[in-house]
Amino acid sequence: THVEQPPSYAQITSPLSGDNFLPGSSIPITAQAYDPDSDLHHVQFFVQDTNGSQSLSGTSSNAPFSVTWTNAALGVYTLYAIAYDTTGLSATSPPVSLSISVPLVPQPQLFIAPATNNLAVGWSTSLSSNILQSTTSLTPPVIWTPVTAAPFQDDADAAWVYFFSPTEPRRFFRLSK
């Protein structure tokens with residue numbers, strides 16, 4: 001007599017552990033599964049949060065097995081898949097951990113340093129869309145005006161640099177979009 005074997009394995013192939021997605025993303029989840037009896041019926045995909053609350057994200061009946069997790073909320077999650085054969089025997093995939101978060105964007109920083117007979121204001125070239133502005137007073141209402149002199153691009157330090165004379169009146173600087 002034939003003894004029914006459960007599926008040998010289920011494995012989530014995408015996303016990978018450690019992946020990060022933005023809130024509200026639609027995340028495709030894909031898995032592989034194998035049943036030695038060749039009677040694999042379907043794969044269910046689950047999402048579990050850090051509180052242990054889990055939900056069925058979807059079911060797929062055809063290889064490649066995949067579903068889309070929609071409207072992912074902020075948090076850390078564990079994904080797993082369960083492959084079922086036609087008799088109800090199953091195999092559970094190893095867990096895949098991922099996070100849903102907003103990536104940190106570094107705030108622009110200005111650096112002021114002495115230069116030969118000048119002072120230099122510099123900022124990262126990665127902030128090329130920002131505009132250097134200055135004002136002579138921080139008393140409200142503050143009126144910021146763009147610095148019209150072209151900055152020097154220092155490729156060695158990956159920085160934009162604007163030089164000004166230390167004899168100019170007191171000035172305050174900021175980067176603005």
Side-chain angles (χ1 to χ4, degrees), residues 1-111 121-133 146 151-161 174-177:
T1 66
H2 174 72
V3 176
E4 183 70 24
Q5 298 293 314
S8 295
Y9 73 89
Q11 177 81 39
I12 292 179
T13 57
S14 177
L16 301 175
S17 273
D19 281 355
N20 184 61
F21 297 89
L22 292 172
S25 293
S26 291
I27 302 167
I29 307 171
T30 306
Q32 293 178 339
Y34 174 73
D35 185 354
D37 299 317
S38 300
D39 61 350
L40 200 58
H41 188 258
H42 66 277
V43 175
Q44 290 182 322
F45 294 86
F46 292 88
V47 176
Q48 182 175 343
D49 65 20
T50 54
N51 296 323
S53 175
Q54 67 182 20
S55 63
L56 175 65
S57 182
T59 301
S60 178
S61 299
N62 299 308
F65 302 101
S66 64
V67 297
T68 300
W69 175 26
T70 58
N71 295 317
L74 286 171
V76 176
Y77 297 91
T78 301
L79 308 178
Y80 64 94
I82 302 176
Y84 291 91
D85 67 14
T86 55
T87 66
L89 295 174
S90 66
T92 302
S93 73
V96 170
S97 296
L98 58 84
S99 59
I100 309 298
S101 65
V102 177
L104 296 177
V105 177
Q107 294 298 312
Q109 293 181 335
L110 286 175
F111 301 94
V121 175
W123 62 97
S124 169
T125 54
S126 68
L127 302 171
S128 61
S129 64
N130 289 23
I131 298 167
L132 182 65
Q133 295 179 328
F152 166 75
Q153 185 171 358
D154 181 353
D155 291 328
D157 293 326
W160 291 100
V161 181
R174 76 174 185 180
L175 286 176
S176 179
K177 287 268 182 195

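Every value quoted in this text rests on a predicted model; they were computed, and no experiment measured them.
- In this structure a side-chain-to-backbone donor-acceptor pair under 3.5 Å is missing from Asp39 to Asp85.
- The two residues Ser101 and Pro23 make their nearest non-hydrogen contact at O-CD, 3.7 Å.
- Between Ala10 and Ala81 the shortest heavy-atom distance is CB-O, 4.1 Å.
- The heavy-atom pair separating Val102 from Leu22 by the smallest distance is CA-CD2, 4.4 Å.
- Considering all non-hydrogen atoms of both residues, Phe45 and Leu56 come closest at O-CD1, 3.4 Å.
- Each side-chain hydrogen bond (donor to acceptor under 3.5 Å, both in side chains) pair with one or both residues in residues 50-77, not counting sequence neighbours, appears once here: Gln54-Tyr80.
- For residues 18-37, the set of pairs meeting the ring-ring contact (aromatic ring centres under 6.0 Å, His included) definition, not counting sequence neighbours, is empty.
- A distance of 7.0 Å separates CD1 of Ile100 from CG of Asn20, quoted to the nearest 0.5 Å.
- Residues satisfying the side-chain hydrogen bond (donor to acceptor under 3.5 Å, both in side chains) criterion with Ser14, sequence neighbours excluded, are absent altogether.
- Taking CZ of Phe46 as the start and CD1 of Ile29 as the end, the distance is 11.5 Å to the nearest 0.5 Å.
- Evaluation of the side-chain hydrogen bond (donor to acceptor under 3.5 Å, both in side chains) rule for Gln11 yields no partner, not counting sequence neighbours.
- Looking at heavy atoms from C-beta onward, Ile27 lies out of side-chain contact with Leu79 at the 4.5 angstrom threshold.
- Taking every heavy atom of both residues into account, Ile131 and Pro146 meet most closely at CG2-CB, 4.2 Å.
- Residue pairs meeting the side-chain hydrogen bond (donor to acceptor under 3.5 Å, both in side chains) criterion with at least one member in residues 88-98, sequence neighbours excluded, do not occur.
- The shortest heavy-atom contact between Gly58 and Val67 is C-CG1, 3.6 Å.
- For His42 and Tyr84, the ring centers sit closer than 6.0 Å to each other.
- Partners of Thr78 according to the side-chain hydrogen bond (donor to acceptor under 3.5 Å, both in side chains) rule, which considers only residues two or more places apart in sequence or in another chain, do not exist here.
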Inset, instruction - Would you sort out whether Asp19 and Val96 count as a side chain to side chain contact (heavy atoms under 4.5 Å, CB included), showing the intermediate values? - result: CA-CA 9 Å; Asp19 281 355; Val96 170; over 6 Å; no

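- Counting heavy atoms from C-beta on, the side chains of Asp35 and Thr86 never come closer than 4.5 Å.
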